[in-house]
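First comes the structure, then the notes that go with it.
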Protein chains: 2
Amino acid sequence: MRRTNSDFMTGVPELLILKLLISRDMYGYEIAREIESANGEGLSISEAILYPTLHSLEKRGCLKAKRKTVNGRTRVYYSATKSGRVRLNSMMAEWQRITSIVSEMLGRRADASIR
Amino acid sequence: MRRTNSDFMTGVPELLILKLLISRDMYGYEIAREIESANGEGLSISEAILYPTLHSLEKRGCLKAKRKTVNGRTRVYYSATKSGRVRLNSMMAEWQRITSIVSEMLGRRADASIR
DNA sequence: TCGCTATACCTCAAAATGTTAGGTATTGTT
DNA sequence: AACAATACCTAACATTTTGAGGTATAGCGA
């Protein structure tokens with residue numbers, strides 16, 4: 001049973017895509033499968049947001065694309081650029097900042113205690 | 001120095017508004033000040049999202065509005081309904097679910113360890 | 001060989017959400 | 001008198017996400 005995305009997803013696809021592409025080059029379809037399998041199918045990125053996000057990251061210079069044909073199918077491999085790594089860093093910091101504040105306001109123990 | 005909202009804000013205004021209105025009745029302007037002061041000005045909700053969100057929550061039956069005039073100024077006090085409490089519960093669960101998964105994928109220690 | 005599933009890319013219209021930049025009106029302060 | 005603070009609000013625009021498609025090849029079982 002695959003979960004649909006939630007209301008709290010804005011920016012999350014981009015964040016996870018950049019995070020994955022830091023560790024190794026991947027192609028779109030592979031990224032989608034990876035995100036699903038990485039969390040027991042608790043979260044999935046629809047292809048309708050995945051591909052446009054990859055394109056916009058590439059246009060902004062955060063990613064580099066390279067087409068490769070494997071077994072008669074074309075894959076577009078993406079790699080993170082320096083600019084992509086910088087962007088990931090600031091996005092992760094921002095994610096940490098917002099979730100800490102919200103979690104604290106919701107009454108959970110502050111995220112500041114972990115890490 | 002007041003922070004602007006971040007990319008990771010989708011649904012957060014609604015979440016915080018409901019959370020605040022569970023503890024006591026408040027009016028819009030008061031909610032905005034409360035959110036700012038509650039976290040050292042690290043986060044603020046613009047009035048352009050605050051008021052429309054209050055109106056939509058009221059229309060959906062999650063909030064009840066009551067006008068009150070104090071010192072020549074009109075305040076609209078909101079209180080959470082049963083339906084509003086139910087909605088808050090599911091939103092908090094969803095917030096917990098998403099942030100846990102994302103945090104884990106980002107490589108921090110899993111949120112599962114706290115609470 | 002037919003049909004189905006998986007792989008692999010993509011787009012478009014509509015909905016939802018948030019930002020920027022205003023507006024009105026009263027009260028308190030300088 | 002001028003300005004900040006209180007207190008409500010909206011409209012135009014940009015961005016993000018969803019839902020629902022579309023194309024094409026490869027592999028597998030009946």
Side-chain angles (χ1 to χ4, degrees), chain A residues 2-18 25-37 43-60 62-63 65-78 87 91 94-95 98 102, chain B residues 2-18 25-37 43-60 62-63 65-78 87 91 94-95 98 102:
Chain A
R2 182 171 302 166
R3 292 268 204 163
T4 306
N5 291 338
S6 104
D7 282 342
F8 303 115
M9 289 288 292
T10 310
V12 169
E14 190 183 325
L15 179 64
L16 296 183
I17 287 168
L18 280 172
D25 292 5
M26 298 177 79
Y27 55 99
Y29 192 79
E30 188 184 13
I31 292 172
R33 297 305 135 246
E34 180 74 13
I35 288 176
E36 272 167 21
S37 62
L43 182 65
S44 71
I45 302 302
S46 90
E47 299 193 354
I49 187 66
L50 172 65
Y51 291 110
T53 300
L54 286 169
H55 299 160
S56 104
L57 282 171
E58 187 196 2
K59 202 185 298 181
R60 278 193 267 166
C62 295
L63 300 179
K66 208 173 17 173
R67 308 184 74 84
K68 223 179 263 186
T69 298
V70 182
N71 298 336
R73 289 196 204 87
T74 301
R75 295 175 179 171
V76 185
Y77 279 86
Y78 291 92
R87 180 156 178 85
M91 288 189 79
E94 187 61 3
W95 171 261
I98 295 295
V102 173
Chain B
R2 183 173 301 165
R3 292 269 203 162
T4 305
N5 289 340
S6 106
D7 281 342
F8 302 115
M9 289 288 293
T10 310
V12 169
E14 190 182 326
L15 179 64
L16 296 183
I17 287 167
L18 280 172
D25 293 5
M26 297 176 80
Y27 56 99
Y29 192 80
E30 187 183 14
I31 292 173
R33 298 303 135 247
E34 179 75 13
I35 288 177
E36 273 167 22
S37 62
L43 182 66
S44 72
I45 301 303
S46 88
E47 299 194 353
I49 189 65
L50 171 65
Y51 290 111
T53 301
L54 285 169
H55 299 159
S56 106
L57 282 171
E58 187 196 3
K59 202 186 296 181
R60 277 194 269 165
C62 295
L63 299 179
K66 208 172 18 173
R67 308 185 72 84
K68 223 180 261 188
T69 298
V70 181
N71 298 335
R73 288 198 204 86
T74 300
R75 294 175 179 172
V76 184
Y77 278 87
Y78 291 92
R87 180 155 178 84
M91 287 188 79
E94 187 61 3
W95 171 260
I98 295 295
V102 173

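Worth knowing before you read on, the calculation uses all heavy atoms, side chains too, and leaves out hydrogens, waters and symmetry mates. Owing to the predicted nature of the structure, the values given are computational and were not obtained by experimental measurement. Each chain gets a letter, A, B and so on, in the order the sequences are listed, and its residues count up from 1.
- The side chain of Tyr78(B) has dC9(D) as its nearest neighbour among dA5(D), dG18(C), dC9(D).
- Using a cutoff of 4.0 Å between basic side-chain nitrogens and carboxylate oxygens, Glu30(B) and Arg33(B) are not scored as salt-bridged.
- Ile98(B) places its CD1 atom 13 Å from the C1' atom of dT17(D), with the value rounded to the nearest Å.
- Checking dC10(C), dT27(C), dT10(D) against every side-chain atom of Tyr51(B), the shortest atom distance belongs to dT10(D).
- When each of Tyr77(A) and Thr53(B) is assigned the nucleotide of DNA chain C bearing its nearest heavy atom, the one mapping closer to the 5' terminus is Tyr77(A).
- Taking CG from Leu16(B) and OG1 from Thr53(B), the interatomic distance works out to 10.5 Å, rounded to the nearest 0.5 Å.
- In this structure, Met91(A) places its CE atom 12 Å from C1' of dT16(D), rounding to the nearest Å.
- The line from CG of Leu43(B) to CD of Glu36(B) is 9.0 Å long, rounded to the nearest 0.5 Å.
- Following rounding to the nearest Å, Lys66(A) (NZ) and dC9(C) (C1') show an atom-to-atom distance of 18 Å.
- For Tyr27(B), taking side-chain heavy atoms from C-beta onward, the closest of the listed nucleotides dT10(D), dA20(D), dA7(D) is dA7(D).
- Whole-Å rounding puts the Lys59(A) NZ to dT15(D) C1' distance at 13 Å.
- Atom CG in Leu15(A) sits roughly 13 Å away from atom P in dT16(D) (whole-Å rounding).
- OP1 or OP2 of dC8(D) has not a single side-chain nitrogen or oxygen of His55(B) nearer than 4.0 Å.
- Looking at heavy atoms from C-beta onward, Leu63(B) lies in side-chain contact with Leu54(B) at the 4.5 angstrom threshold.
- Rounded to an integer number of Å, the gap from CE of Met26(B) to P of dA7(D) is 11 Å.
- Comparing dA8(C), dT19(C), dA7(D) against the side chain of Arg75(B) picks out dA7(D) as the nearest.
- If you measure from atom CG of Leu16(B) to atom C1' of dT17(C), you get 15 Å, rounded to the nearest angstrom.
- Taken to the nearest 0.5 Å, the CE atom of Met26(A) stands 11.0 Å off from the CZ atom of Arg75(A).
- Glu30(A) comes within contact range of no nucleotide atom at all, as no heavy-atom separation falls under 4.0 Å.
- Among the nucleotides dT6(D), dT17(D), dA11(D), the one closest to the side chain of Ile49(A) is dT17(D).
- Where Pro52(A) and Asn71(A) each meet DNA chain D at their nearest nucleotide, the meeting point lying more 5' is that of Pro52(A).
- Out of dC8(D), dC10(C), dC9(C), the shortest distance to the side chain of Tyr29(A) is found at dC9(C).
- Distances were taken from every side-chain heavy atom of Ser46(B) (C-beta onward) to each of dT20(C), dA8(C), dC8(D); the shortest belongs to dT20(C).
- Taking atom CZ on Arg73(B) and atom C1' on dA5(D), their separation rounds to 7 Å, with Å as the unit.
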